[in-house]
Amino acid sequence: MRPDARSKTDGTFDYASDLRLPGMLWGHTLRSPHPSAAVRSIDTTAALAMPGVAAVLTAADVPGANAYGLITADQPVLAADRVRYQGEPVALIAADTLDLARLAAEAVAVDYETLEPVTDPEAAVAAGEYFRYQPVRLGDPDAQAAAVVIAREYAVGMQDQAPLGPEAGLAEPAPDGGIRLHVATQWLHSDLEQLAPCLDLPPERIHLEMSGIGGAFGAREDLSVQAHMAMLALHCGRPVKMMYDRAESFLGHVHRHPARMRYEHGADEHGRLVYVKARIVLDGGAYASTTDAVVGNAASLAVGPYEVEHVSVDAWGARTNNPPCGAMRGFGGVQTCFAYESQMDALADALGLHPLELRRRNAVAQGSKLITGQTVDARDPRRDRPGGAPFSPLADLLDRLDALPAPAPAPTARPGGSGDTTRGEGVRRGTGYGVGLKNVCYSEGFDDHSTASVELRLEDGERVARVHTAAAEVGQGHWTLQAQIVRTELDVDRVELAPNDTRIGSAGSSSASRQSYMTGGAVRAAAVAVRALAAGRDLADGPVEATRVFRHRATKPMDPVTGQGDSHVQLALCVHRATVDVDVELGLVKVVELACVQDVGKAMNPLALEGQIHGGTAQGLGLALMEALLTDGGRVQNASFTDYLIPTALDMPPMRIELVENADPDAPYGLRGAGEPPTLSSTPAIVAAVRDATGLPLTRVPIRPEHLTTGRLP
């Protein structure tokens with residue numbers, strides 16, 4: 001059973017929004033209503049005069065550097081003379097109650113000079129306003145002749161991570177003038193690295209401890225409440241709690257990058273790819289966040305797991321006055337996967353081939369090179385097989401997917417739900433496929449590492465192990481995995497988990513499908529060391545402890561001109577088959593079934609792993625059919641769960657899942673990161689199924705009912 005299962009079931013689990021301390025104040029952030037404006041002045045007099053208001057802080061009160069960022073420190077803690085997106089923090093208020101803090105924020109008078117926002121990412125790129133440009137060049141695509149050419153443009157909307165738990169935390173001043181933060185985050189040590197310069201404090205006087213996290217999916221990689229509540233607590237000398245409401249949460253964290261993409265695929269008469277050209281423009285919004293790395297992923301994964309000798313890819317991350325975008329499950333691979341898989345379907349249709357057959361003919365295999373020149377190392381699990389073609393993990397997954405039974409032909413429920421919206425006259429069934437290739441762990445030369453400490457002691461005659469890491473448990477089941485590893489290596493039944501905090505070295509972020517690989521590797525290394533130290537020793541003489549740092553093999557940055565280089569540590573494959581019923585007269589879609597086959601390397605915990613596949617698939621379904629954060633002139637139009645729709649249990653269909661275990665010999669236990677790949681392949685599979693049912697090209701997600709009834713895209 002998961003260590004947090006009982007408390008989350010009976011309601012006693014403390015999420016960050018549940019935290020309280022005696023004498024605490026409530027903090028609130030005043031945010032800009034404008035996507036682009038100069039700040040002429042800020043008058044806090046009226047707010048400070050309100051009884052119960054303890055502080056109103058502006059940019060002038062930031063103790064240290066007024067800038068932070070995950071990769072580039074370009075985002076102000078509080079806007080000084082300019083705001084660059086709707087929702088940018090301008091002032092902070094601490095008061096006796098949250099309602100009072102919000103009222104005081106309304107009393108702060110900010111004189112803005114509104115400016116014309118830049119909201120078109122293509123125009124921003126043309127003007128040289130972008131965070132990163134990354135090309136990939138291979139061969140000479142312009143010199144190639146092809147029997148079939150497919151050229152289309154694709155668009156992906158701005159998806160929100162939509163964690164059910166809002167951003168929240170509690171800051172308490174320390175006796176030494178430092179600060180203690182209880183916060184829901186994905187990377188404690190990155191928070192610490194960014195906070196120390198802003199607070200003008202040495203890192204050793206800032207202690208961060210993980211609080212209960214109500215979902216993440218990338219939304220908690222960037223700072224949210226951390227610097228603001230720390231500033232208020234230090235200024236007031238009292239604990240300060242901050243908690244966003246839903247509307248503020250939509251404005252207060254990054255989103256998935258919207259994308260505009262133009263792809264051209266050329267193939268010979270047998271369906272083999274001859275060349276691929278791609279132009280990819282991702283909208284990074286106002287500040288950098290992780291756009292640099294997202295662009296690298298989009299460029300390197302732009303063609304997917306297919307062999308092609310001639311490639312031209314150009315990828316940009318535009319700087320606009322739209323909401324900042326950063327990490328979300330899939331991290332640059334989701335956008336390009338929708339485009340290249342749609343292209344493969346169009347090629348198959350033009351050539352009269354089954355979609356799976358076209359993919360088999362182009363599938364990478366052992367020894368193949370990706371478009372960055374990185375060699376596919378897919379050791380044949382049937383090593384005793386003599387001769388034959390090199391093993392293709394993708395072809396193997398496609399064969400397994402094809403062998404899975406199809407759902408019953410008769411619909412069990414019509415599109416539109418239980419309201420009997422449709423009588424079924426216009427319902428058509430469709431089937432579609434999707435393939436996703438996702439990198440695991442951090443890429444392009446990043447010093448990706450994780451630290452773990454394991455202690456073995458004797459307590460009442462029983463051997464007890466204790467594990468200490470800074471790894472964020474964001475719902476993926478990593479606490480369970482840590483305990484499993486220690487039980488396996490030390491042969492103990494009782495394993496305790498120390499609080500995740502900054503008193504131990506970094507575990508890196510709970511993102512990039514990396515924690516099982518990286519922190520799992522560190523926990524294993526520490527446990528193995530403890531086992532060696534404890535051999536022949538009587539634990540009655542005292543505990544045995546070891547701390548180990550785990551690193552994966554080195555990677556290289558992508559070449560800035562050619563995009564070549566071994567930039568990724570590990571690659572993961574997932575394939576989906578979607579079956580849908582579409583009412584073509586009303587534009588309603590019901591996903592009848594989703595089948596999935598995924599190479600997981602080694603299934604460490606099959607039940608938790610299947611949960612990850614269900615969750616990733618649900619987010620892919622959301623992007624395909626319903627999820628888009630809408631903006632108009634840089635202003636968010638639907639910052640609520642009333643208007644921003646996410647899949648519920650009624651929207652998720654039954655799933656058939658097959659786990660394939662082609663062990664990676666370089667990874668701990670042979671495992672392969674598994675949390676993100678289903679998000680890539682599920683979206684194009686669902687859209688392909690809707691295309692099959694309707695005959696419409698459908699080059700934009702999410703699909704809206706009007707796209708199906710009119711055939712027109714906005």
Side-chain angles (χ1 to χ4, degrees), residues 21 23-32 39 42 44 47-48 53-84 88-95 101 108 167-211 220-242 252 286-289 324 470 501-506 509:
L21 279 177
M24 75 178 191
L25 297 165
W26 284 86
H28 182 63
T29 305
L30 174 66
R31 298 178 179 274
S32 167
V39 179
I42 303 175
T44 64
L48 280 169
V53 172
V56 181
L57 306 182
T58 65
D61 299 300
V62 176
N66 189 20
Y68 68 91
L70 275 168
I71 298 175
T72 302
D74 68 336
Q75 187 159 353
V77 177
L78 293 171
D81 54 4
R82 176 76 191 274
V83 292
R84 292 175 171 84
E88 181 155 2
V90 175
L92 305 174
I93 297 90
V108 176
E167 288 74 10
L170 181 65
E172 51 179 323
D176 64 355
I179 193 77
R180 183 182 184 90
L181 301 178
H182 308 266
V183 65
T185 179
Q186 290 178 242
W187 192 351
L188 287 166
H189 285 78
S190 177
D191 289 3
L192 176 61
E193 183 180 327
Q194 296 174 75
L195 283 170
C198 298
L199 300 178
D200 195 25
L201 288 173
E204 59 270 18
R205 287 170 62 189
I206 304 174
H207 177 73
L208 285 90
E209 183 170 318
M210 194 74 68
S211 295
R220 303 197 195 282
E221 281 205 15
D222 297 74
L223 295 183
S224 57
V225 299
Q226 290 92 321
H228 295 165
M229 67 185 187
M231 281 177 57
L232 289 170
L234 289 169
H235 181 86
C236 298
R238 292 170 62 183
V240 173
K241 176 177 177 175
M242 295 190 78
Y287 295 107
S289 184
D501 57 26
T502 50
R503 287 177 293 190
I504 189 168
S506 177
S509 176

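These values consider heavy atoms only, across backbone and side chains, with no hydrogens, waters or symmetry-generated copies. All of these numbers come straight from a predicted model, not from anything done at the bench.
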[X] versus [Y], closest heavy-atom pair with distance:
X: P239; Y: L170; answer: CB-CD1, 4.5 Å
X: P173; Y: A233; answer: CG-O, 3.4 Å
X: A470; Y: G505; answer: CB-O, 3.8 Å
X: A47; Y: V56; answer: CB-CG2, 3.9 Å
X: S509; Y: E221; answer: OG-OE2, 3.4 Å
X: D222; Y: Q226; answer: O-NE2, 4.5 Å

Quick check against the 3.5 Å criterion: does [X] have a side-chain atom that pairs as donor or acceptor with the backbone of [Y]?
X: R84; Y: Y287; value: no
X: H189; Y: I504; value: yes
X: R220; Y: A184; value: no
X: E193; Y: D191; value: no
X: T29; Y: P89; value: no

In Å, rounded to the nearest 0.5 Å, how long is the span from [atom1] of [X] to [atom2] of [Y]?
X: R180; Y: I206; atom1: CZ; atom2: CD1; answer: 13.5 Å
X: M242; Y: E167; atom1: CE; atom2: CD; answer: 11.0 Å
X: D61; Y: L232; atom1: CG; atom2: CG; answer: 9.5 Å
X: L21; Y: H182; atom1: CG; atom2: NE2; answer: 6.0 Å
X: L57; Y: L30; atom1: CG; atom2: CG; answer: 12.0 Å
X: R238; Y: M24; atom1: CZ; atom2: CE; answer: 10.5 Å

TODO: Under the side-chain contact (heavy atoms from CB on, under 4.5 Å) rule, what do T58 and V108 come out as? Steps first, then yes or no, please.
DONE: CA-CA 10 Å; T58 65; V108 176; over 6 Å; no

Open item on the list: Evaluate L195 against L181 for side-chain contact (heavy atoms from CB on, under 4.5 Å), listing each step before the verdict.
Closed with: CA-CA 11 Å; L195 283 170; L181 301 178; 3.5 Å; yes

Open item on the list: According to side chain to side chain donor-acceptor pair (under 3.5 Å), who are the partners of S506, at least two apart in sequence or on a separate chain?
Closed with: W187

Could you go through residues 66-80 and list every donor-acceptor pair under 3.5 Å that involves a side-chain atom there, pairing it with any protein atom two or more places apart or in another chain?
{"residue": "N66", "atom": "OD1", "partner": "V77", "partner atom": "N", "Å": "2.9"}
{"residue": "N66", "atom": "OD1", "partner": "L78", "partner atom": "N", "Å": "3.2"}
{"residue": "N66", "atom": "ND2", "partner": "L78", "partner atom": "O", "Å": "2.9"}
{"residue": "Y68", "atom": "OH", "partner": "Q75", "partner atom": "NE2", "Å": "3.3"}
{"residue": "D74", "atom": "OD2", "partner": "A288", "partner atom": "N", "Å": "2.9"}

TODO: Any chance you could lay out the side-chain contact (heavy atoms from CB on, under 4.5 Å) test for L234 and L201, step after step, and finish with the verdict?
DONE: CA-CA 11 Å; L234 289 169; L201 288 173; 4.1 Å; yes

